[in-house]
Amino acid sequence: MVRFKNRYVLCEVRSDDPRCRQCIEDRAVGLAVRDAIGRVHGDYGLACCSISFTVKYLNAYSGAVLLRCRRDSQPLLCSALPFVRALEGRGQRYPCALHTLHVGGTIRTCQKFLIQYNRRQLVRLLQNCTNEEERQCIQKSLLSCSLTEEQSQSGDEEEEDDGTE
């Protein structure tokens, strides 16, 4: 049996309109990316990329999008992403751009990168604070974003479940 190797492309939706992030759906992102691939690479590129292309994750609040494609068609996908100029959501068309953040072999590596990326963004916000209240709020957010806290919390729940049976 042959295993098909995939690549996961982590992107960020950048837009001047704040309503854009709230109104986008994974189906709209997939259609916009497929349309861009078709325009840039034609029928051949569209056929290569659409074999296992899916939108695996979409966070409307942060604008993070995780796309999956075959390893062979990943360069075609990445070269077409800058040509996505608008996303349609709820009957409206929002101008935006997809910025590639990371390309990984597993979803887990993309998750780790996204956590580090968000931490760096919070540090930048911390440097631009104007008062102490904002600084404390951002420091609290910065300390709360780690994998070890989630794993220890889930481990505690498992131990409690074992004790009650």
Side-chain angles (χ1 to χ4, degrees), residues 1-125 141-142 144-155 158:
M1 177 163 257
V2 177
R3 187 178 126 213
F4 294 109
K5 295 188 177 183
N6 294 315
R7 287 289 177 256
Y8 296 90
V9 181
L10 182 64
C11 303
E12 180 181 32
V13 177
R14 293 189 177 176
S15 176
D16 294 334
D17 189 4
R19 294 177 296 159
C20 175
R21 288 185 178 175
Q22 297 171 357
C23 297
I24 58 174
E25 298 173 346
D26 55 350
R27 192 177 124 266
V29 173
L31 289 173
V33 170
R34 282 190 176 117
D35 182 48
I37 292 170
R39 281 184 285 138
V40 174
H41 299 292
D43 291 338
Y44 172 76
L46 187 59
C48 288
C49 289
S50 66
I51 292 173
S52 73
F53 174 76
T54 56
V55 178
K56 295 299 281 184
Y57 174 74
L58 172 67
N59 189 336
Y61 295 108
S62 66
V65 179
L66 186 65
L67 306 171
R68 182 188 75 185
C69 66
R70 289 261 176 102
R71 185 176 67 173
D72 299 336
S73 60
Q74 179 260 324
L76 297 174
L77 174 67
C78 287
S79 65
L81 287 177
F83 294 98
V84 175
R85 294 290 174 211
L87 293 174
E88 291 187 20
R90 298 183 185 163
Q92 293 185 350
R93 193 171 174 91
Y94 298 101
C96 66
L98 288 179
H99 177 70
T100 304
L101 299 175
H102 180 73
V103 177
T106 62
I107 294 176
R108 185 165 174 83
T109 59
C110 292
Q111 287 174 335
K112 287 180 181 180
F113 177 84
L114 188 58
I115 290 170
Q116 293 299 321
Y117 178 76
N118 287 335
R119 275 192 182 170
R120 286 191 301 263
Q121 295 295 346
L122 286 173
V123 168
R124 286 184 188 155
L125 285 174
S141 299
L142 190 63
S144 69
C145 62
S146 69
L147 283 175
T148 56
E149 288 180 14
E150 293 176 15
Q151 291 172 350
S152 66
Q153 288 175 357
S154 64
E158 290 173 6

Is the shortest side-chain heavy-atom distance between [X] and [Y] below 4.5 Å?
X	Y	answer
Arg34	Ser50	yes
Leu77	Ile37	yes
Val103	Leu10	no
Val55	Leu66	no
Cys11	Leu101	no
Ile24	Leu58	yes
Leu46	His41	no
Val84	Val33	yes

Residue list, salt bridge (charged side-chain N to carboxylate O under 4.0 Å, His left out) with [X], at least two apart or on another chain:
X	value
Arg39	Asp35
Arg93	Glu88
Asp26	none

Item to complete: I would like to know whether Leu67 and Leu81 meet side-chain contact (heavy atoms from CB on, under 4.5 Å); could you show each step before the answer?
Response: CA-CA 11 Å; Leu67 306 171; Leu81 287 177; 4.0 Å; yes
Practice prompt. Any pair with a residue in residues 43-99 that passes ring-ring contact (aromatic ring centres under 6.0 Å, His included), sequence neighbours left out, goes on the list, sorted by first then second residue, please.
Written response: none
Discussion item. Strictly by ring-ring contact (aromatic ring centres under 6.0 Å, His included), give each pair with a member in residues 100-122 just once, sequence neighbours left out.
Written reply: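 Matches after skipping sequence neighbours: His102-Phe113.
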Item to complete: I would like to know whether Lys56 and Ile107 meet side-chain contact (heavy atoms from CB on, under 4.5 Å); could you show each step before the answer?
Response: CA-CA 9 Å; Lys56 295 299 281 184; Ile107 294 176; 4.2 Å; yes
Nearest-0.5 Å distance that lies between atom [atom1] in [X] and atom [atom2] in [Y]:
X	Y	atom1	atom2	value
Ser15	Leu87	OG	CG	8.5 Å
Arg124	Gln121	CZ	CD	5.0 Å
Glu25	Leu31	CD	CG	10.5 Å

Worksheet entry | Short side-chain to backbone donor-acceptor contact, Arg108 and Gly105, under 3.5 Å |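 No.
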Discussion item. Please find the pair of heavy atoms, one from Ala36 and one from Ala80, that lie closest to each other, and give the distance.
Written reply: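 Taking every non-hydrogen atom into account, CB-O, 3.6 Å.
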Worksheet entry | Residue pair Thr109 / Gly104: nearest heavy atoms and the distance that separates them |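 Closest approach of Thr109 to Gly104: OG1-CA, 3.9 Å.
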Worksheet item: How far apart are the C-alpha atoms of Ser73 and Cys49, what are their side-chain angles, what is the distance that settles it, and do they pass the side-chain contact (heavy atoms from CB on, under 4.5 Å) test?
Response: CA-CA 5 Å; Ser73 60; Cys49 289; 3.9 Å; yes
Donor-acceptor pairs are to be reported for all side-chain atoms of residues 2-9 against protein atoms at under 3.5 Å, with residues two or more places apart or in another chain.
none

Worksheet item: Does the pair Arg68 and Ser52 meet the rule for a side-chain contact (heavy atoms from CB on, under 4.5 Å), with working shown?
Response: CA-CA 7 Å; Arg68 182 188 75 185; Ser52 73; 4.2 Å; yes
